[in-house]
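To start, the structure itself, in structure tokens.
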Amino acid sequence: MFTRLLLIMQCIFLLSIGVLGADKTYRLRGAIIPNEVLKDISQITTRATAVVNGGAQRGFIQSDGSFVVDNLELGDSLLEISAVDYAFPKIHVRISLKEEDEGTTGGRRASVAARFVQIGSEWSEDTPLLGYPLQIEASAKYEFFTPRQGFDIVAMFSNPYMLMVGASLVAVFLLPKLQANIDPEAMKELQNKS
């Protein structure tokens, strides 16, 4: 009986530590908006996702273009929109706590600061802030297939194999003509040497 009571008390203690020690997480909201590259949001496939920190957290893009990424912690994160057919800019997101105004109930609230970022460069505070909730536009459409090239005579004869064939044909047709123009006495000397 005592061991069972001790086991229950340990479980309650561990659960209370887990609840009290749990870090608070935050939610990031945004939307993809149409532009010249992506005229209709429904063109994005259903597998498009909003990825934070290389896949640590994900949020699915809804049919209206909105997305929500849950379980973000305080600090810096990198937001990427992963879509098959379209490229989107990468965004540096900083979630921090700010003190609320004195006239409110008091306490702190989460603040989101987001900026465009280029991979390979440092996260700079000089770039302008984006509005929240985020509104992201597609920057380019991926082209996976190139149109088949038509017939081009110049490209055909600039091919190294065609150049070798051309040189061989020249040798086959011109060498006998050159051989016919050689002096008969010089021809007898060449045949005697070989």
Spacing of Arg94 atom CZ and Ser96 atom OG [to the nearest 0.5 Å]: 7.5 Å

Tightest non-hydrogen contact, residues Pro176 and Val172, listed as CD-O, 3.1 Å

Value for OH (Tyr26) from CD1 (Ile95), rounded to nearest 0.5 Å, stands at 8.5 Å

Among Val68, Asn71, Asp70, Val112, whose side chain to side chain contact (heavy atoms under 4.5 Å, CB included) with Leu28 holds? Val112

Are Phe116 and Tyr132 connected in a single hydrophobic cluster, I mean Ile/Leu/Val/Met/Phe/Trp/Tyr linked by side-chain heavy atoms less than 4.5 Å apart? yes

Can you tell me how far CG of Leu38 sits from CZ of Phe88, rounded to the nearest 0.5 angstrom? 5.5 Å

Greater than 12 external heavy atoms within 6.0 Å of Phe144's CZ: yes

Can you tell me how far apart CD (Gln135) and CG (Leu130) are? Round to the nearest 0.5 Å. 10.0 Å

Any Val93 side-chain heavy atom under 4.5 Å of Leu78 side chain: no

Would a distance-only check, ignoring hydrogens and angles, find a side-chain to backbone donor-acceptor pair under 3.5 Å from Ser66 to Ala31? no

Hydrophobic clusters here meaning ILVMFWY residues chained together by side-chain heavy-atom distances under 4.5 Å, can you tell me if Ile41 and Leu134 are in one? yes

Nearest heavy atoms of Ser82 and Val51, plus distance in Å: CB-CG2, 4.0 Å

Are Ile136 and Val37 co-members of a hydrophobic cluster defined by side-chain heavy atoms under 4.5 Å apart? yes

Output yes when a side-chain donor or acceptor of Lys188 lies under 3.5 Å from a complementary backbone atom of Glu185, and no otherwise. no

Output the distance between atom NZ (Lys90) and atom CD1 (Ile81), rounded to the nearest 0.5 Å. 10.0 Å

For Phe157, the rest of its hydrophobic cluster, which grows through side-chain links under 4.5 angstrom: Phe151, Ile153, Val154, Met156, Met162

Please round to the nearest 0.5 Å and tell me the distance separating atom CZ of Arg47 and atom CG of Asp85. 9.0 Å

Pick out which of Val52, Ile91, Val69 makes a side chain to side chain contact (heavy atoms under 4.5 Å, CB included) with Ser77. Val52

Glu137 and Pro89 have their tightest heavy-atom pair at O-CD, 3.3 Å

Which atom names give the shortest non-hydrogen contact between Tyr142 and Tyr86, and what distance separates them? CE1-O, 3.4 Å

Pairwise side-chain contact, His92 with Asp76, heavy-atom cut-off 4.5 Å (strictly under): yes

